[in-house]
Amino acid sequence: MPGKVGFIGLGAMGGPMALNLVKHGVALVVHDIDAAKVERLVARGAAKADSAETVAAQVERTICMVETTAQAESVIAGEHGIVKSAKSGHIVICMSTIDPTTVKRLGGELAARGIAMLDAPVSGGTERATTGELSIICGGAEQTVTACKDLFQAMGKNIFHVGGLGQGLAMKLVNNMLVQVNTVAVAEAIVMGVKAGLDPQTIFDVVRVSTGTSHAFETRVPRMLKRDFAPGGTVDISFKDQELETAFAKHLGVPVLLANVTQQVYQMARAAGFNKEDGSAVLKVIEKLAGVTVGSKS
């Protein structure tokens, strides 16, 4: 599908995703509330616009990659949103991790104007966003997904179409719930081991080749040992995702005990001032309660 593409939201994930589109020859029109992030893309050949509305006026497909449900709603249907200028036949691709029920409602509002919508949240963190190897989980009409495959292939390695609008987000929340719960379990386990007198590197070496290992264990523990809490995905984002997970589960009538309990650990980390650090910083909450420290900067 030819023509310019809009990209709104150039943060830790959106920035490298947009850059990969530019690298693949996609003509981008970009917008972000942070002018410095916009200029980084402009320097690579993208055009800039001063609102979501002015982005959508210039393109046939617009990607939304903001942080919260409220931000996505504003970008898509707000006073200066995509809906104000998008023509019939336009495609809105919401790649943010937000509330699935809100996406369905927005999709209905857009459909009434002849505008198609996909939810296409991503998994893989900033590293895979940079390398263009994200997993992209799509919900929406088959023909709309097909019309956007070129964009998805420029940003991702694994592309899934899991059902109708909102189902991509449902799948993403299932995935994120497992990672966020597991990260707290990893922090508790390694603190317990250190309190028992075990060497933290030895804990990592043994568990990673034993039955207790997981993606969260293998990726979070090296950060914990180095005390490297530079954000791949912040505590705030983990907490926001768990808000979505627990609310969605409540809406569905599904009990999710561990998601609710571990959310409080992320809240404790936020209250302690770790909110802009990596999600693995929940370790520091458990350390303080147990009176031990894991790893060092050396």
Side-chain angles (χ1 to χ4, degrees), residues 11-17 20 65 67 95-97 121-137 155-160 171-194 198-242 244-245 258-259 261-263 265-266 268-270 272 274-287 290 292-298:
M13 293 293 290
M17 289 165 64
N20 277 317
M65 189 57 181
E67 187 169 320
M95 303 190 78
S96 307
T97 300
V122 301
S123 182
T126 53
E127 184 177 331
R128 290 186 189 174
T130 301
T131 61
E133 296 178 301
L134 291 166
S135 292
I136 300 175
I137 311 161
M155 296 181 285
K157 181 180 179 182
N158 303 301
I159 301 162
F160 302 96
M171 184 72 247
K172 176 69 187 298
L173 295 184
V174 167
N175 178 79
N176 282 21
M177 184 167 71
L178 289 166
V179 173
Q180 286 143 6
V181 167
N182 196 195
T183 297
V184 175
V186 166
E188 291 180 343
I190 200 162
V191 166
M192 183 176 74
V194 169
L198 294 169
D199 174 68
Q201 182 64 49
T202 301
I203 297 171
F204 179 66
D205 293 341
V206 172
V207 173
R208 70 186 298 265
V209 294
S210 302
T211 55
T213 197
S214 63
H215 178 79
F217 186 88
E218 293 191 22
T219 57
R220 302 290 200 182
V221 173
R223 280 180 165 272
M224 293 172 178
L225 296 184
K226 294 176 188 173
R227 305 199 73 74
D228 173 15
F229 302 117
T234 64
V235 168
D236 272 347
I237 290 174
S238 294
F239 180 82
K240 179 266 296 186
D241 286 354
Q242 286 199 307
L244 294 172
E245 294 151 17
L258 296 180
V261 170
T262 55
Q263 185 184 23
V265 181
Y266 289 97
M268 291 164 75
R270 294 171 84 221
F274 310 145
N275 53 306
K276 297 303 179 187
E277 297 184 22
D278 190 75
S280 56
V282 294
L283 173 75
K284 293 192 279 188
V285 173
I286 310 301
E287 285 177 329
V292 297
T293 301
V294 172
S296 68
K297 292 182 180 178
S298 61

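By convention here, the first residue in the shown sequence is residue 1.
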Stepwise side chain to side chain contact (heavy atoms under 4.5 Å, CB included) test for Val282 and Ile286
CA-CA 7 Å; Val282 294; Ile286 310 301; 5.7 Å; no

Verify side chain to side chain contact (heavy atoms under 4.5 Å, CB included) between Val184 and Leu258, making sure each step is shown before the conclusion.
CA-CA 10 Å; Val184 175; Leu258 296 180; over 6 Å; no

Criterion side chain to side chain contact (heavy atoms under 4.5 Å, CB included) on Met13 and Thr126, from CA distance to verdict
CA-CA 6 Å; Met13 293 293 290; Thr126 53; 4.0 Å; yes

Walk me through whether Asp278 and Arg220 qualify under salt bridge (Lys or Arg N to Asp or Glu O under 4.0 Å).
CA-CA 9 Å; Asp278 190 75; Arg220 302 290 200 182; 2.8 Å; yes

Between Phe229 and Leu283, does a side chain to side chain contact (heavy atoms under 4.5 Å, CB included) hold up when you go through it step by step?
CA-CA 10 Å; Phe229 302 117; Leu283 173 75; 4.1 Å; yes

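In this structure, the side chain of Lys172 engages the main chain of Val122 through a donor-acceptor pair within 3.5 Å. Of the possible donor and acceptor atoms, one in the side chain of Arg223 sits under 3.5 Å from a partner among the backbone N and O of Asp228. Distance alone, capped at 3.5 Å, is enough to place a donor-acceptor pair between the Gln242 side chain and the Gln263 backbone. Judged purely by atom type and a 3.5 angstrom limit, Thr183 uses its side chain to pair as donor or acceptor with the backbone of Val179. Under a 3.5 Å cut-off, the side chain of Glu287 and the backbone N or O of Val294 do form a donor-acceptor pair.
Remark: Met171 CE to Phe160 CZ distance equals 8.5 Å, nearest 0.5 Å. Atom CG in Asn158 sits 9.5 Å away from atom CG in Leu134 (nearest 0.5 Å). Atom CD of Glu245 sits about 9.0 Å away from atom OG of Ser238, to the nearest 0.5 Å. For the atom pair CG (Asn176) and CG (Leu244), the distance works out to 9.0 Å, reported to the nearest 0.5 Å. Within the model, atoms OG1 of Thr234 and CZ of Phe239 stand 12.0 Å from one another, a figure rounded to the nearest 0.5 Å. To the nearest 0.5 Å, the span separating CE on Met65 from CE on Met17 amounts to 4.5 Å.
Of the N and O atoms on the side chains of Thr97 and Asp241, not one donor lies less than 3.5 Å from an acceptor on the other residue.
Considering every non-hydrogen atom in both Pro121 and Ser96, the closest pair reads CB-O, 4.1 Å. Closest approach of Arg208 to Phe217, counting heavy atoms only: N-CE2, 3.9 Å. Closest of all the heavy-atom pairs between Pro16 and Gly11 is CD-O, 3.7 Å.
For the pair Leu225 and Ile190, the minimum side-chain heavy-atom distance is below 4.5 Å. Using a 4.5 Å heavy-atom cutoff, the side chains of Ile136 and Met95 are in contact. Side chains of Val186 and Val207 form no contact here, defined as non-hydrogen atoms less than 4.5 Å apart.
The 12-atom threshold is not exceeded at CZ of Arg128, counting heavy atoms of other residues, nucleotides or ligands nearer than 6.0 Å. Environment of CD in Gln201: crowded, with over 12 heavy atoms of neighbouring residues, nucleotides or ligands closer than 6.0 Å.
By the side-chain contact (heavy atoms from CB on, under 4.5 Å) test, Asn20 pairs with Lys23, sequence neighbours left out.
Of the listed residues (Ile237, Asp236, Val235), just one forms a side chain to side chain contact (heavy atoms under 4.5 Å, CB included) with Lys276, and that residue is Asp236.
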